[in-house]
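Accompanying notes for the structure given below.
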Amino acid sequence: MVWVAFVGSCLLLAMIPGVSTAVILRQTLRAGRSSGAAALLGNETGIFLWAMAAVFGLSALVLASEVAYGAMKAVGAALLVVMGVQSLWKARRAPVPLDASVPYDGGEARTTGGGLRRSYGLGLATCGANPKAAVFAMSFLPQFVPQGAHVPLTLTLLAGIWVAVDVVWYVGVIWLIGRAGAVLGRPAVRRRLEQVSGAVLVALGVRVALEVR
């Protein structure tokens with residue numbers, strides 16, 4: 001029952017919109033499913049690294065330092081605001097279809113290797129610079145360690161399950177966006193989506209910056 005409860009909790013966490021959702025959706029809408037998948041992999045790499053940091057007590061050291069916590073929060077907020085401003089600027093300057101050189105064909109955009117690496121980096125950076133991810137990993141995972149279990153090994157297994165559930169959920173979301181490519185590929189719709197995603201990212205960045213520890 002503990003494992004079922006843990007999987008259910010991970011699924012609920014994945015379904016709650018947040019920073020990860022905004023970044024993955026942004027990359028998917030801008031450059032197709034491959035870019036969204038790269039951002040997803042970057043995000044999940046960050047989650048697993050934070051989980052491993054919690055296993056070995058490193059996240060507690062980071063969170064105990066006011067300077068480290070503040071620096072992480074500032075970097076995370078800045079990344080979100082910059083991505084949001086880029087989306088808003090792109091929407092404003094696009095009277096023609098956005099990314100005309102990279103057609104949105106049901107989500108299968110012709111993304112270059114550099115573009116995929118950039119999406120991966122954005123996913124990793126936003127998760128790695130998110131103090132809430134560290135707090136979550138440190139406080140969430142230990143609740144599901146059965147009494148008498150080998151703690152580091154169990155926490156590592158839980159981290160793997162957490163990442164797997166996240167991947168399953170977001171792959172489904174990315175696939176659905178790809179299926180709606182005929183609608184999302186319309187210039188007016190894509191421009192509006194850029195505006196909405198940009199505003200959401202800026203708002204998330206401001207919220208992260210103003211959050212009280």
Side-chain angles (χ1 to χ4, degrees), residues 1-28 36-80 83 116-174 204-205 207-208 211-213:
M1 291 301 294
V2 172
W3 297 102
V4 173
F6 178 71
V7 171
S9 299
C10 290
L11 183 58
L12 288 175
L13 290 174
M15 294 171 66
I16 298 173
V19 173
S20 299
T21 305
V23 173
I24 292 168
L25 290 181
R26 174 187 185 266
Q27 294 307 112
T28 304
L40 167 60
L41 290 177
N43 181 76
E44 299 313 314
T45 300
I47 286 178
F48 191 76
L49 290 176
W50 274 125
M52 290 299 94
V55 170
F56 295 105
L58 299 178
S59 57
L61 294 177
V62 172
L63 296 176
S65 170
E66 291 289 343
V67 174
Y69 187 91
M72 284 174 54
K73 192 170 72 167
V75 171
L79 280 170
L80 292 171
M83 283 192 288
L116 293 179
R117 286 193 294 271
R118 184 172 183 274
S119 292
Y120 178 88
L122 286 174
L124 177 60
T126 50
C127 182
N130 185 2
K132 292 181 71 175
V135 173
F136 239 80
M138 191 171 64
S139 60
F140 175 61
L141 295 179
Q143 299 179 49
F144 296 92
V145 177
Q147 188 173 4
H150 188 277
V151 176
L153 182 60
T154 305
L155 286 174
T156 301
L157 178 59
L158 290 173
I161 295 173
W162 183 10
V163 168
V165 173
D166 249 22
V167 169
V168 170
W169 169 257
Y170 283 116
V171 164
V173 172
I174 292 169
L204 285 172
R207 191 187 73 177
V208 169
E211 274 182 341
V212 178
R213 182 168 179 176

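Just so you know, residue 1 is the first one in the sequence shown, and it goes up from there. Excluded from the calculations below are hydrogen atoms, water molecules and symmetry mates; all remaining heavy atoms, backbone and side chain alike, are included.
Taking 4.5 Å as the limit, every side-chain heavy atom of Phe6 sits out of range of all side-chain heavy atoms of Val165. Considering only heavy atoms from C-beta on, Leu40 comes within 4.5 Å of Ile174 through its side chain. Using a 4.5 Å heavy-atom cutoff, the side chains of Trp3 and Leu157 are in contact.
Atom-to-atom distance recorded for Thr126:OG1 and Arg26:CZ is 10.5 Å, nearest 0.5 angstrom. From Trp169, atom CH2 reaches atom CG of Leu12 across 10.0 Å, with rounding to the nearest 0.5 Å. A distance of 4.5 Å separates CG in Asn43 from CD1 in Ile47, rounded to the nearest 0.5 Å. Considering OG of Ser119 and CG of Leu124, their distance stands at 12.5 Å, rounded to 0.5 Å. Between the CG atom in Asp166 and the CD1 atom in Ile24 there is a gap of 7.5 Å [rounded to 0.5 Å]. Residue Leu155 holds its CG atom at 7.5 Å from CE of Met52, rounded to the nearest 0.5 Å.
A donor-acceptor distance shorter than 3.5 angstrom exists from the side chain of Trp50 to the backbone of Cys127, with no hydrogens or angles considered.
Between Trp162 and Phe140, the ring planes lie perpendicular to each other; the angle is over 60°, past the 30° to 60° tilted range.
The minimum heavy-atom distance between Ala14 and Tyr170, with the atom names listed, is O-OH, 3.5 Å. Leu122 and Met83 make their closest contact through CD2-SD, 3.8 Å (heavy atoms, listed as atom of the first residue, atom of the second, distance).
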Pair up each side-chain donor or acceptor in residues 145-154 with any protein partner under 3.5 Å, not counting sequence neighbours, and list the distances.
unit_1 : atom_1 : unit_2 : atom_2 : d
His150 : ND1    : Leu153 : N      : 3.2
Thr154 : OG1    : His150 : O      : 2.7

